[in-house]
Amino acid sequence: MQSFQVLQSRVDKKEPDAKIAKTEEETSDKEEEEKSAKPPAGSSKSGWKNWKKKESDGEESKITYCHWLLKSEPESRLEKGVDVKFSVDDLKAQPNQTTCWDGVRNYQARNFLRSMKLGQQAFFYHSNCKEPGIVALVKIVKEAYPDHTQFDQKDPHYDSTSRKENPKWSMVDVQFVRMTKRFIPLSEIKAHHLAHKADGGPLKDMMLFTRQRLSIQPLTQEEFDFVLSLEEEKPH
DNA sequence: GCCAACGTTGGC
DNA sequence: GCCAACGTTGGC
C-alpha cells in the first residue's frame with residue numbers, strides 16, 4: 001500500500017463535510033453504522049436530508065446504493081507540496097490497475113465509501129480540468145478499511161486529530177474495468193440534467209449537480225443506466 | 001484566473 | 001446557536 005501511496009493522493013478524494021461532519025464527529029464512537037445508514041437527527045442543513053428525501057419517502061434511511069461516481073483530478077496540482085494529480089491513465093499504470101482511494105476527508109463522502117460493496121461499479125470522473133467528465137468504469141475490489149494517510153504527517157491529508165485506535169477516515173480499493181466507449185463530458189450530462197428537471201427524467205436529481213462539491217457520489221440504478229447509455233450515442 | 005457555491009471556523 | 005469571515009472545490 002505504501003508504495004503507490006504518493007501517486008495516488010488524488011486531490012478530489014478529500015473534502016470535509018459540513019454539518020453532518022460535525023454532528024457525526026461529535027457522536028464519535030459507535031456511530032459507524034449509523035453514519036452510513038442515516039443522518040443524525042440534528043443534521044439539518046447539509047446533504048443528508050436532501051439526499052434521503054429524494055430517494056424515497058418510506059424507508060429512505062434504508063436505501064442502499066449500488067453505483068457510484070468518483071472524482072479525481074487528472075491535471076497536476078500541488079497540495080502542501082504534493083502533486084495530487086491522478087488521472088485514469090495513472091490508475092491504469094498501477095499494479096493490477098488497482099489503487100486505494102485515500103485522502104477522502106469529508107464525512108458524507110466517507111460514509112458513502114463505507115457503504116460500498118465488493119464488485120460494485122463506479123464512474124471514474126475527471127474533475128478540475130480542461131474537460132471534466134466521465135472517462136472510465138471502475139469497480140470496488142476491497143471494502144472500506146482505515147486510510148493510512150490520515151496518520152502520515154507528510155501526507156497532504158494528514159489528520160492530527162485521528163487516532164489509530166479509532167481511525168476517522170476510511171478508504172476502499174478500486175480497480176480499472178474499462179474506458180467508456182467515449183468520453184462523456186460534464187456539459188452533456190448537465191444538459192440532460194436540466195432537461196430532466198423539466199420533464200422528470202432520470203437525471204433530475206443527480207448529485208453531480210445537486211451536491212456539486214461532493215467527491216464520492218452514489219447513483220441510482222436509473223441514473224447509472226442512463227449515463228451509461230450515453231456512451232452509445234453520438235457526441236453532440 | 002475568476003468566481004459561485006458551499007463547507008469550516010470562531011467570536012459572541 | 002447564530003453568523004460573518006474565511007477557505008476550498010471545481011466549472012468556466
Does Glu165(A) have any side-chain hydrogen bond (donor to acceptor under 3.5 Å, both in side chains) partners at least two apart in sequence or in another chain, and if so, which? none
Students often get this wrong, so: under 4.0 angstrom with heavy atoms, is Lys190(A) touching a base, only sugar-phosphate, or nothing? sugar-phosphate
Protein-nucleotide distance (Phe209(A), atom CZ; dC6(B), atom P), rounded to Å: 13 Å
Asn128(A) CG to dC3(B) P: how many Å, rounded? 17 Å
Does dG10(C) have OP1 or OP2 under 4.0 Å away from a side-chain N or O of Lys71(A)? yes
Residues in side-chain hydrogen bond (donor to acceptor under 3.5 Å, both in side chains) with Gln217(A), at least two apart? none
Starting at NZ of Lys85(A) and ending at P of dT9(C), how long is that distance when rounded to a whole Å? 18 Å
Expressed as a whole number of angstroms, how long is the span from Glu79(A):CD to dT9(C):C1'? 11 Å
Protein-nucleotide distance (Gln212(A), atom CD; dA5(B), atom P), rounded to Å: 8 Å
Starting at atom CZ of Arg213(A), determine the distance to atom C1' of dA4(B), rounded to an integer number of angstrom. 10 Å
Provide, to the nearest angstrom, the distance between the CD1 atom belonging to Ile216(A) and the C1' atom belonging to dT9(C). 14 Å
Whole-Å gap separating P (dG1(B)) and CD (Glu75(A)): 14 Å
Side-chain N or O of Tyr125(A) less than 4.0 angstrom from OP1 or OP2 on dG11(C)? yes
Could Asp90(A) and Lys85(A) be called an ion pair, given the rule that one side-chain N must be under 4.0 Å from one carboxylate O? yes
Cation-pi check, Lys190(A) onto Phe209(A) ring (under 6.0 Å, within 45° of axis): no
